[in-house]
Amino acid sequence: MHPERRATPREPIALPILLPDGSRAVTRDISAQGVYVLLAPGRALDPWFSFEYELPQAGLRFVASGQVVRTERAGDGVGVAVRLHGSRLLSLDWPGWAD
């Protein structure tokens with residue numbers, strides 16, 4: 001087994017995320033510096049993109065942007081490793097969100 005080389009360990013968490021085009025994907029794992037996203041077959045992401053997910057139990061929305069660093073086949077779909085470059089936690093009650 002190879003030693004972990006990441007600066008921050010990833011946690012295996014499957015979260016449904018919303019992509020800029022309105023489609024959905026799911027995370028496989030996430031850390032403070034990166035996320036691995038699983039996409040449907042034939043899907044792709046722009047080299048730089050943003051995504052979000054809600055934590056309704058906590059009344060929060062997580063918004064992040066990142067850079068694709070690797071794309072690979074993952075089962076029947078596509079796996080995308082993303083280096084995060086910006087993230088924010090916002091209240092779901094924040095008036096700037098138009099639902």
Find the distance between [atom1] ([X]) and [atom2] ([Y]) and round it off to the nearest 0.5 Å.
X: R10; Y: Q33; atom1: CZ; atom2: CD; result: 9.0 Å
X: T71; Y: L45; atom1: OG1; atom2: CG; result: 7.0 Å
X: S50; Y: L19; atom1: OG; atom2: CG; result: 8.5 Å

ring-ring contact (aromatic ring centres under 6.0 Å, His included) contacts in which one or both residues fall within residues 9-38, not counting sequence neighbours: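 Checked against ring-ring contact (aromatic ring centres under 6.0 Å, His included) - neighbours excluded - no pair reaches residues 9-38.
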
Pairing residues for E11 by the salt bridge (charged side-chain N to carboxylate O under 4.0 Å, His left out) criterion, not counting sequence neighbours: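 Counting only residues at least two positions away or on another chain, E11 forms no salt bridge (charged side-chain N to carboxylate O under 4.0 Å, His left out).
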
Results of salt bridge (charged side-chain N to carboxylate O under 4.0 Å, His left out) for R24 - residues two or more places apart only: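 Partners of R24 by the salt bridge (charged side-chain N to carboxylate O under 4.0 Å, His left out) criterion come out as none, since no residue qualifies.
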
Taking a hydrophobic cluster as the set of Ile, Leu, Val, Met, Phe, Trp and Tyr residues connected by side-chain heavy atoms closer than 4.5 Å, whether directly or through intermediates, do [X] and [Y] fall within one such cluster?
X: L84; Y: V63; value: no
X: W48; Y: V78; value: no
X: F51; Y: L55; value: yes

Applying side-chain contact (heavy atoms from CB on, under 4.5 Å), name anything that partners [X], two or more places apart in sequence or on another chain.
X: S87; answer: F62, A64
X: A40; answer: R43
X: L15; answer: I13, T27, Y53

Side chains of [X] and [Y]: does their closest heavy-atom pair fall under 4.5 Å?
X: F49; Y: D21; result: no
X: L60; Y: L90; result: no
X: V26; Y: V37; result: no
X: E54; Y: L92; result: yes

Qualifying side-chain hydrogen bond (donor to acceptor under 3.5 Å, both in side chains) pairs, either residue in residues 75-84, two or more places apart: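 Every pair satisfying side-chain hydrogen bond (donor to acceptor under 3.5 Å, both in side chains) with a residue in residues 75-84: there are none.
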
For the student: nearest non-hydrogen atoms of G79 and L38, plus distance: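 Looking at all heavy atoms of both residues, the shortest contact is CA-CD2, 4.3 Å.
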
